[in-house]
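Report on the following structure.
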Amino acid sequence: MVPRVLVIGEKPSQIKTIANTLFTHSSTEKFADRLYLRIGQWDNKELIMIPLIGHITTIDTAKEFGWNKCQPLAIVQNSNALILHTNQTFQRIISRKAKVVDELWLATDPDSEGDNIAYEAYMIAISANPSLKQATKRIWNSSLTKQEILRAFRNLIPWELYLALAVQGRRMVDAWVGFAGTRQVTGTARKVIKQRGVVLSVGRVQLPTLKLIVDRDRERDEFQRKLKFNILADLLSDNRKEVLVTVKHDKSPFKEEKQVKQILNEIGKAKTGTITKFKTWKTKIPPPRPWNTTDALALLTKELKIKANAAMELLTILYENGYISYPRTENRHFKDNFPHDEILTKLEGYSNYRPLLKLITNTSQVRSNGKKQGAEDHDPVHPTGEIPTEDKIITKMHLKAWDYVSRHYIGMFLPDLIQTRGSVKVTIKEEPFSQKYQQTIDEGWTQVITWKKPKETKKFVFTEDQIAQVDKIRSESFKTKPPAQWNDSTLIRQLEKLRIGTKSSRPEIINKLEARKYIVRCGKTFYESTTRGHTIIQVFEKVWPDLVTPGFTRMVEAMMDEVATKQASYDTMLETLRGHYIGLHEKLLSQLPRLQALLQQDMLIRSEQKIARGKRTTVPTQVLCPLCQQGKAIERLNVKTNKKFFGCSRYPECKWTAPSKKTRDGKIIPAQTAKDVVGPCPECNGTLFLKRIKDYRFVGCSKYPTCQTSFFLPKRGRLTLLRKEECPMCQRQMVSHVSRNEKTGESEKKVFCVICQNSGKG
DNA sequence: GCAAGGTC
């Protein structure tokens, strides 16, 4: 009789691939809903393959250590507190089959988590059939290609427990910290927060993530906007008719206005400068590297303005329906023999891509391959070549996500982006100025990866030692900006960089923090910490600084390494970290009064917000509505974003709203005033108001970007809204524009309507 | 009810 082997896999899709590779004839046997054994002959053996669905066990507290049944710290102090729950479906099938086989092959993913999953299956198998202990092997395949599967199944490696035990240790420590910490903090919170079922959670990964957000808010709160200055000079053509380029002083930005004035005094009237250097060159920029999960999520969250979790769901649906590859991968490297040409040929079925695919000369490999990352691992995220169409499952959003994945993939085969660039250095009365330009010669891959099209700037030509004509030397001022708030895209990139969480868990971490009310989304994309989130970090920074920085994860990782390399035993790991945690939890106990006091403040703020929500108003102001000039501006609360804004007291007759802004002395006022407001937007319910971005001035809609109505105004000259004059054509405010005539030097005044450009006189 | 990590 041929020997029988039990093969354990980590997931159904993987077992299917392996079975299809090894077996010429095979049979299946259903053992649970949508789960099948695969049985077949290979290498004179009968292989029985069982697909798992990730871990078989979960860690829980024993009954007598449930909520409110013991002190939270008892979970850590008592070695019987944590127990393993085993999934009965897998327990049953593994036990049953283990009894009838001669060998056990563990074919879970080739990484430490995979070893731990294999260990769970192994413990069940040897308890059903102890003789398997001597007949267990591990399969370590670096990918799921036919060749690699065959290689791995012919080169079985010895089964060792160390890596699995290291992960088991990590799982136990995570449970201690999470369970004991969460219960202690939640217990304290419930003395103050009388909401039903409120839970404040604590964990090894969520606290460092929360700290990132809290720290950024702290930086922004402390940030002092400072005025800085650039000195600019316009270089003219020889006939002085046209500005060729605006050059910037090399020492810009200046901090001191005094210094700027001094320089302007010295050189302000200069009419010429000497070109000291002028060069041009060509730059080739190769296509971007392949996407791993983080890259794909970062792009989709940014472009589609959705959460990381939502982006992950889009990718999962596309994967499950066969349109893209497995979306959870750390890898940015396509292997050499990857069948790119098959996929590219299939993509020709989509007419939008056909002209782009014709630009490809070599379909055998991508032009900028990334690094191989992750021990398993799946290929980078790519389309399968199947073309999706809109139906019940595939929505417009799925199609958009698929288009990004496909375009990024196709772009990786296209020629380089070629730019011509130039730079000039010019000395005006010994003061150094310079400027650069870049223009596209060949769009290359940006024809497909359109979201990465570079900015074009105006080209200029000079010769060295040429005397350049200078028009006006002037200064511009700007205010420094605080560091930006985190969004899904920047946050998951930072988490990957700091090695916090995993490719699969990162989007969920952000969701969890939001569900716990530690952070809120403000606007559409940005995250901000709540008072509650702030409080948690404040207390834990005192109690256990290492837990709120990636330090604790590093410590756990170091211990795991010691166990995996046999320098420490599993028991040593547990006892070391148990002792460590007990000490810190005791410190937490001493901080509970402080935590309670801080949460009280959180409650005060929350109850204020509740009142605000109930009445839908807060303090009425004396500010006249800038749009209708009849109602008063009233501060209101956007319930969705928790952000305050101003609206007109005559709502719904007057639909004026404006975001709130903080003045220097800390007052909250509407971001628009009567000075800026032009009138109702002709396209939507918004308000048109004067906007200034850099040196551009225009009239824009308050509902931007939803409504993109805008009218540009002259770049120079003084603009004043004329409150008392109304346009006879469209009944909006007129504008007076005072500018200097370039030729005569006299000032000219024009009065016109910004919307219909009517002069008002005719 | 709670963590973090697999997978669906």
Side-chain angles (χ1 to χ4, degrees), chain A residues 8-16 32-35 51-61 65-70 72-73 75-76 81-82 87 89-90 108-121 164 166-190 195-210 293 312-313 315-317 319-321 326-330 374-378 495 499-513 515-516 547 552-553 556-557 560 577 581:
Chain A
I8 307 285
E10 185 160 324
K11 50 197 163 232
S13 65
Q14 167 226 14
I15 282 296
K16 191 177 166 188
D33 181 35
R34 285 189 292 177
L35 289 171
L52 304 177
I53 305 178
H55 284 287
I56 303 174
T57 64
T58 50
I59 299 176
D60 201 356
T61 43
F65 292 90
W67 285 71
N68 306 326
K69 284 189 181 156
C70 68
L73 190 52
I75 298 170
V76 191
L82 294 186
N87 180 310
T89 304
F90 295 110
T108 49
D109 285 356
D111 53 28
S112 57
E113 212 65 36
D115 255 25
N116 187 266
I117 293 168
Y119 172 74
E120 296 173 311
V167 172
Q168 196 63 18
R170 192 221 75 224
R171 294 179 69 189
M172 295 294 278
V173 175
D174 279 344
W176 282 336
V177 177
F179 294 175
T182 299
R183 289 182 193 185
Q184 195 74 62
V185 171
T186 301
T188 308
R190 285 185 185 171
Q195 273 170 29
R196 268 188 66 198
V198 65
V199 173
L200 300 197
S201 63
V202 164
R204 174 176 59 86
V205 168
Q206 47 177 280
L207 285 184
T209 309
L210 177 59
T293 306
M312 196 68 220
E313 279 170 18
L315 293 176
T316 306
I317 294 284
Y319 162 67
E320 285 171 358
N321 290 280
Y326 189 65
R328 286 190 282 261
T329 176
E330 289 182 337
E376 351 125 45
D377 201 1
H378 308 275
L495 292 177
R499 291 192 291 146
I500 299 174
T502 68
K503 62 193 183 234
S504 315
S505 61
R506 280 175 204 128
E508 292 160 23
I509 297 164
I510 303 175
N511 260 23
K512 200 165 270 182
L513 292 178
R516 299 272 176 258
L547 189 62
F552 182 61
T553 290
V556 175
E557 278 174 0
M560 285 174 73
L577 293 171
Y581 183 78

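Letters go in sequence order (proteins before strands), and every chain restarts at 1. This structure is a prediction, so every number in the text was calculated from the model and none was measured.
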For this session: Only counting residues at least two apart or in another chain, list the ones meeting ring pair (Phe, Tyr, Trp, His ring centres under 6.0 Å) with A:Phe552.
Result: A:Trp544

State which of [options] makes the closest approach to the side chain of [X].
X: A:Ser201; options: B:dA3, B:dG6, B:dC8; answer: B:dA3
X: A:Pro12; options: B:dG6, B:dC8, B:dC2; answer: B:dC8
X: A:Arg516; options: B:dC8, B:dA3, B:dG6; answer: B:dA3
X: A:Asn68; options: B:dG1, B:dA3, B:dC8; answer: B:dG1
X: A:Tyr326; options: B:dG5, B:dG1, B:dC8; answer: B:dC8
X: A:Ser505; options: B:dA3, B:dG5, B:dT7; answer: B:dG5
X: A:Arg183; options: B:dG1, B:dC2, B:dA3; answer: B:dC2
X: A:Arg170; options: B:dG1, B:dT7, B:dG5; answer: B:dG5
X: A:Ile117; options: B:dG6, B:dC8, B:dG1; answer: B:dG6

Mind checking [X] for me? I need base, sugar-phosphate or nothing, with any heavy atom below 4.0 Å counting as a touch.
X: A:Asn116; answer: nothing
X: A:Arg196; answer: nothing
X: A:Asn87; answer: nothing

For this session: Starting from the 5' end of DNA chain B, give me the residue, A:Thr57 or A:Ile75, whose nearest nucleotide shows up first.
Result: A:Ile75

Seminar exercise, completed: In numerical order, the residues of residues 202-209 of chain A whose heavy atoms come under 4.0 Å of DNA chain B are A:Val202, A:Gly203, A:Arg204, A:Val205, A:Gln206

For this session: Taking atom types as modelled, find out whether A:Arg183 and A:Thr61 have a side-chain donor-acceptor pair closer than 3.5 angstrom.
Result: yes

Problem set entry | No-H, no-angle donor-acceptor pair, A:Thr61 side chain to B:dC2 base, under 3.5 Å | yes

Seminar exercise, completed: For A:Ile15, the side chain to side chain contact (heavy atoms under 4.5 Å, CB included) test, sequence neighbours excluded, returns A:Arg38, A:Met49, A:Pro51

Problem set entry | Lys/Arg-Asp/Glu bridge criterion (N-O < 4.0 Å) met for A:Arg171, A:Glu120 | yes

Exercise. Okay, side chain of A:Arg328, backbone of A:Thr293: is any donor-acceptor separation there less than 3.5 Å?
Worked result: no

For this session: Test side chain to side chain contact (heavy atoms under 4.5 Å, CB included) on A:His55 and A:Ile117 and set out the steps.
Result: CA-CA 5 Å; A:His55 284 287; A:Ile117 293 168; 3.5 Å; yes

